[in-house]
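Working notes, structure below.
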Amino acid sequence: MALTLYNTLAREKQVFKPIDAKNVRMYVCGPTVYDFAHIGNARPVIVFDVLFRLLRHIYGESHVTYVRNITDVEDKIIARAAERGVSIRDLTEGTAKVYQEDALALGNLPPTLEPRVTDSMPEIIAMIAKLVANKHAYVAEGHVLFDVSSDPDYGKLSRRALDEMIAGARVEVAPYKKNPMDFVLWKPSEGDMPGWDSPWGKGRPGWHIECSAMGEKHLGETFDIHGGGIDLQFPHHENEIAQSEGAHHGKPIANYWMHNGFLQVEGEKMSKSLGNFITIRELLAEKVFGGQVWHGRVLRLAMLGTHYRQPIDWTVDRLAQTKATIMEWARMLHGELSADAPDDEVMSALSDDLNSPAALAAIYGLASAARANTGDRRRLKRTLSFLGLYADERDTDFAVGHELDAAKIEGLIAARNAARRAKNFAEADRLRGEISTLGVAIEDGPGGTTWKVVS
RNA sequence: GGCCACGUGGCGGAGUGGUUACGCAGAGGUCUGCAAAACCUCGUACCCCGGUUCAAUUCCGGGCGUGGCCUCCA
């Protein structure tokens, strides 16, 4: 059961071979904490969490290091803090906390490390200094810029040639740039803007350098896997490669680059102007999507229904269907014991470039067998918990925000059963209808009448 | 304008050069006061047009559609 991963750098699936099986290292670009994360941000968090779990399963829990940074220095943060009249520290700390809560609610394990840019300034400055010394960067008008012409491989990840990009003519050319594609490593900070002392004066880092510096600090010059959304491929990841490999004399920053596909909402791109912009927090806590709130595990399962590299269409229908599925599992598994190991067929599907839809197909097969078989039930439970999809919740736990009046339901059921005993089936059916309007379905079984939440 | 990805049955969604994905919904059946659950059976899909091939949804070319990047938006 070899693990294969699609490597964006090579444009093909490759067998994964770690540099050090005793310490498999993965870096994923985390959030810039100026506002709540939206549902599109949730995709890489979930996808790479599944990979983290799979790697831990294969190499051992203590042999995988997963770094997901928190970017807490950025111009949007400065702007947002000023706009709200709060301190930068309050804004970034508050937003980071919500992000971590959201990630947890979606069933993700915490990464091994979540370094912050503000805690990594010496490493950032040291790397920039190294790039200047290596002639990959130059100082101009208080800025330090990366010189793309110094890197013959520039563009290898996104497969673009420099001259083609410049031909796009949408590049804003600052007068101090030697080449239009040169990007900022360090820029000056004036007044009360956040700034750190450096050889180039008081300033702050540009966008891409923090990931290069934190990757090196926590994972070494070369690590195994680097992940993120497809939109980061250019320029962010391209620039990370240029910086790290420029600072490390051409040593590769990562052996495998992975990118998750984009997310659309009800068939349209998610944007504030279309009014379909939706945050994780809103899905979890406010009735703004489909008129109800959604359990984090429902969101997680819905996300894993599509292969991570495919585009995904985020719809109310999809969530409703997912919710029904997970509630059915809960009815079967709540209170059940768990097997020692997850299902082989599921693990094998995941090992094929994280083919989660194929893994789910195997899970459905297991669920079908589990109805009649304790062993399969326990294996199913273990498999679902392995994936972060189930942790012994009751089915009603997934009907978040559903107001239940159990006494009223029980009363109606008692009345209906009295009517049935009296052969007054018209009245019994009327009562069934009334119960149904409460979002509850009833079943007459050999042991009496049971009910369950269906919406 | 340049570069790139995707387009599968009512919906969601894998996969493959010639054989069943799978889930939901739907149809029929057993069962049931009626239902539900459970179980059994059922769909013969792959954007369009060419080409390669004995054979293409699966490879190649073109077109159309959707989306992404080229602007410090995952």
Side-chain angles (χ1 to χ4, degrees), chain A residues 8 11 28-32 34-35 37-48 71 74-77 155 158-161 163-172 181 183-184 187 205-210 227-239 259-264 267-272 277 301-302 304-307 309-313 315 317-322 324-325 328 331-332 349 352 355-365 367-368 371-372 419-421 423-426 428-429 432-433 436 441-446 449-452 454:
Chain A
T8 309
R11 307 284 155 121
V28 174
C29 292
T32 298
Y34 70 102
D35 205 347
H38 61 249
I39 188 61
N41 293 307
R43 177 119 96 142
V45 178
I46 292 169
V47 163
F48 292 106
T71 296
E74 214 272 343
D75 288 2
K76 278 200 295 276
I77 294 172
S158 53
R159 306 237 167 149
R160 336 172 161 221
D163 51 352
E164 283 170 5
M165 288 186 272
I166 294 162
R170 294 180 70 178
V171 182
E172 191 184 334
M181 294 307 294
F183 54 92
V184 173
K187 54 184 155 190
W207 177 32
H208 316 291
I209 192 69
E210 83 283 8
I230 186 70
D231 59 309
L232 289 183
Q233 186 184 100
F234 189 90
H236 185 58
H237 291 162
E238 198 69 72
N239 292 351
H259 293 95
N260 63 272
F262 234 65
L263 173 145
Q264 283 183 269
E268 289 183 304
K269 68 181 290 188
M270 177 166 64
S271 72
K272 283 178 177 155
F277 189 91
L301 179 59
L304 295 178
T306 296
H307 183 89
R309 282 191 281 119
Q310 294 286 110
I312 188 170
D313 191 14
T315 65
D317 265 4
R318 172 186 205 107
L319 296 188
Q321 189 177 312
T322 303
T325 300
E328 195 186 315
R331 274 174 217 123
M332 185 160 52
D352 178 16
N355 193 335
S356 55
L360 288 175
I363 284 173
Y364 293 132
S368 176
R371 286 193 193 93
R420 289 173 71 209
R421 276 192 299 276
K423 304 272 188 218
N424 185 353
F425 296 121
D429 289 346
R432 176 202 288 286
S436 167
I442 51 176
E443 295 169 16
D444 300 325
T449 301
T450 58
W451 58 273
K452 65 182 183 185
V454 292

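Naming: A, B, ... by sequence-line order, numbering from 1 per chain.
Straight-line distance from the CG atom of A:D352 to the C1' atom of B:A21: 14 Å, rounded to whole Å.
Between B:U66 and B:G26, the distance separating the two P atoms is 32 Å to the nearest Å. Nucleotides B:G18 and B:A37 are separated by 41 Å at their C1' atoms, to the nearest Å. Using C1' as the reference atom, B:U19 and B:U57 are 15 Å apart when rounded to the nearest Å. Rounded to whole Å, the separation between the P atoms of B:G63 and B:C42 comes to 43 Å. Taking the C1' atom of each, B:G15 and B:C59 are spaced 16 Å apart, rounded to whole Å. Across the P atoms, B:C46 and B:C11 are found 13 Å apart, a figure rounded to whole Å. Comparing the P positions of B:G2 and B:A14 gives a spacing of 30 Å, expressed to the nearest Å. Between B:A56 and B:G17, the two P atoms lie 14 Å apart (nearest whole Å).
Among the heavy atoms of the strands lying under 4.0 Å from A:Q264 are primed sugar atoms or P, OP1, OP2 only; no base atom is included. Contact annotation for A:D444: base contact, defined as any heavy-atom pair under 4.0 Å involving a base atom. Residue A:Q233 is out of contact with every strand shown, counting any heavy-atom pair closer than 4.0 Å. Looking at heavy-atom distances under 4.0 Å, A:G228 makes contact with sugar-phosphate atoms alone, never a base.
Searching all strands for a Watson-Crick or G-U wobble partner of B:U66 with both distances below 3.5 Å returns B:A5. Pairing for B:C42 goes to B:G26, judged as Watson-Crick or G-U wobble with the two contacts each under 3.5 Å.
An OP1 or OP2 oxygen of B:G15 is reached within less than 4.0 angstrom by a side-chain nitrogen or oxygen of A:N355. Within the 4.0 Å cut-off from OP1 or OP2 of B:C39, at least one side-chain nitrogen or oxygen of A:R371 is found. Between A:K269 and B:G68 there is a side-chain polar atom (N or O) within less than 4.0 angstrom of OP1 or OP2.
Considering only the side chain of A:Y364, B:G23 comes nearest among B:G23, B:A74, B:A14. Comparing B:C72, B:C34, B:A14 by their closest approach to the side chain of A:D75 singles out B:C72. The A:R318 side chain lies nearest to B:G12 when the options are B:A14, B:G12, B:C24.
The base of B:C34 sits with one of its N or O atoms less than 3.5 Å from a complementary donor or acceptor on the side chain of A:R432. Side-chain N/O atoms of A:H38 and base N/O atoms of B:A74 include a donor-acceptor pair closer than 3.5 Å. Side-chain atoms of A:D429 come within donor-acceptor range of the base of B:G33, with a qualifying N/O pair under 3.5 Å. On a pure distance criterion of 3.5 Å, no polar donor-acceptor pair joins the side chain of A:D317 and the base of B:C24.
Every residue meeting the salt bridge (charged side-chain N to carboxylate O under 4.0 Å, His left out) condition with A:R420, not counting sequence neighbours, appears here in chain and number order: A:D444. Considering only residues two or more places apart in sequence or on other chains, A:E268 meets the salt bridge (charged side-chain N to carboxylate O under 4.0 Å, His left out) condition with none of them.
Ring geometry for A:H236 against A:H208 counts as tilted: the plane angle lies between 30° and 60°, on a 0 to 90° scale. Taking the six-membered ring where tryptophan is involved, the planes of A:H237 and A:H259 are tilted, since the angle between them lies from 30° to 60°.
A donor-acceptor pair is defined here as one N or O able to donate and one able to accept, closer than 3.5 Å; such a pair exists between the side chain of A:E238 and the backbone of A:G155.
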